[in-house]
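Heads up, the thing below is written out as structure tokens.
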Amino acid sequence: ETAEITEGKSVELRCESAGFPSPDIAWSLPSGEVLRQGESKGRASVSSDGTLTVQNVMISDSGEYECTATNTAGSDAEKTDLTVVVLPGARLTVSVDSKPVEELDDTVKTRPDEVTIACAVDGILGGDAQWFFNGQRIAANDPRISSDAGTSRLSISPTATVDDSGVYTCLIDTPSGTRGSSVNLEVSNNTKPLIIYSPEAPKTTSDGVETTIGKPSVDVKSGESLKVTCDADGSPEPTIEWFKDGESISADDRFSDDGMGTLEIVRVERDDAGTYTCFANNSLGSDSDSIEVDVAELPQIEQDPSRSEERF
């Protein structure tokens, strides 16, 4: 069975059933949610006689609705494919003004920041808007979320948190009817890795030289030890990997990584000179930087026995 409704109007889908005992009615929505007789969520509700009503329908309400009638003898089901028709020249758009953001289908992902959601018809802001969060009307006196009806903007300030994640819906009246649109906002504390730089200059210790990533280069003498530290911020906590001249460094009796971002080389040799790169990685991305290691060898006069002379 199919049904068609214009965006902004309300639709009723009936589920007439017979049987003994009297069947219980449940509706499965395109979102995967299930509503039973007497239940409601957001703009959708099921009456005592099993009729499903969706008010102010939106494009996102299009899809398959399934009515299931169940009693002790068994169950029967019927599906309705609902199509929401959009009137030309009266589209509502929703935008989120926060950076960085990642748009994926109807989902906008952002880090904690001030977030503004704007309603617009044909790209022009204006008109009185009704705002909903996860289907519930947003009160005008909400301490963190406020609606500016004059510009149809909803601001989450001073900083959106993970608790502000959810579906935001805007309904706005136009000459051709009520228009509505939704956006799924995901606020995450997770961040890509970022290498942290230290202003401290390389320092010489009794064992050798200690420095941090980000310095152009570091000088070390052959035979000394060298420690290079790479600090990185991010969530989830980044893992640190070290490379020399593009090749991954394997731990041995002279090279070691403490697991916290510090690479140590003991008894430095001339062949240890080169470009050392720190890679900080987590599930969101990576950051990297390099340092040039220069190895100096102490002068040594070579003895050639053939050039020595015995004098009496």
Side-chain angles (χ1 to χ4, degrees), residues 4-11 29-33 35 40-45 52-63 65 82-188:
E4 192 174 276
I5 186 72
T6 302
E7 183 186 28
K9 296 186 178 296
S10 297
V11 63
L29 310 185
S31 63
E33 293 180 294
L35 290 181
S40 64
K41 184 166 185 180
R43 295 173 292 104
S45 62
L52 171 68
T53 301
V54 183
Q55 299 179 336
N56 299 312
V57 294
M58 307 175 187
I59 288 293
S60 58
D61 294 321
S62 296
Y65 292 76
L82 179 67
T83 300
V84 179
V85 179
V86 180
L87 296 177
R91 285 292 299 147
L92 180 71
T93 62
V94 176
S95 62
V96 176
D97 297 330
S98 179
K99 295 187 181 301
V101 298
E102 178 185 356
E103 295 187 21
L104 181 64
D105 297 327
D106 294 326
T107 299
V108 175
K109 297 182 179 181
T110 181
R111 300 177 188 177
D113 199 351
E114 182 171 358
V115 175
T116 300
I117 306 175
C119 275
V121 176
D122 292 336
I124 302 174
L125 293 174
D128 293 333
Q130 301 177 53
W131 291 92
F132 298 81
F133 176 60
N134 290 336
Q136 301 297 317
R137 180 75 181 268
I138 297 176
N141 61 352
D142 188 287
R144 295 196 64 246
I145 305 177
S146 62
S147 176
D148 183 350
T151 57
S152 300
R153 293 182 183 271
L154 182 146
S155 297
I156 308 172
S157 62
T159 302
T161 67
V162 174
D163 292 337
D164 295 311
S165 298
V167 178
Y168 290 83
T169 301
C170 171
L171 299 180
I172 191 168
D173 293 328
T174 73
S176 57
T178 301
R179 297 288 163 261
S181 189
S182 298
V183 64
N184 183 27
L185 181 68
E186 291 186 11
V187 182
S188 174

_Criterion side-chain contact (heavy atoms from CB on, under 4.5 Å) on D61 and R43, from CA distance to verdict_ = CA-CA 10 Å; D61 294 321; R43 295 173 292 104; 2.9 Å; yes

[X] side chain to [Y] main-chain N or O, any donor-acceptor pair under 3.5 Å?
X    : Y    : answer
N134 : V167 : yes
T6   : V85  : no
R137 : F132 : no

So which atom in [X] and which in [Y] form the shortest heavy-atom distance, rounded to 0.1 Å?
X    : Y    : answer
S155 : T116 : OG-OG1, 3.8 Å
M58  : S182 : SD-OG, 3.4 Å
V57  : V11  : CG1-CG1, 3.7 Å
V84  : I59  : O-CD1, 3.7 Å

*How many angstroms lie between atom CD of E186 and atom OG of S165, to the nearest 0.5 angstrom?*
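The distance works out to 6.5 Å.
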
*Separation between CG of L185 and CG of D164, rounded to the nearest 0.5 Å*: 7.5 Å

*asked:* Suppose we screen for side chain to side chain donor-acceptor pair (under 3.5 Å). Which residues come up paired with K41, at least two apart in sequence or across chains?
replied: E33

*W131 and its side-chain contact (heavy atoms from CB on, under 4.5 Å) partner, picked from I138, T169, L171*: I138

*Evaluate the side-chain proximity of N184 to Y168: yes if any heavy-atom separation is below 4.5 Å, no if none is.*
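A side-chain contact is absent here, since even the closest heavy-atom pair is not under 4.5 Å.
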
_One pair to check against side-chain contact (heavy atoms from CB on, under 4.5 Å): T161 and V187. What are the steps and the verdict?_
CA-CA 6 Å; T161 67; V187 182; 5.6 Å; no

*For S45, which residues count as a side chain to side chain contact (heavy atoms under 4.5 Å, CB included) partner, sequence neighbours excluded?*
S40, T53

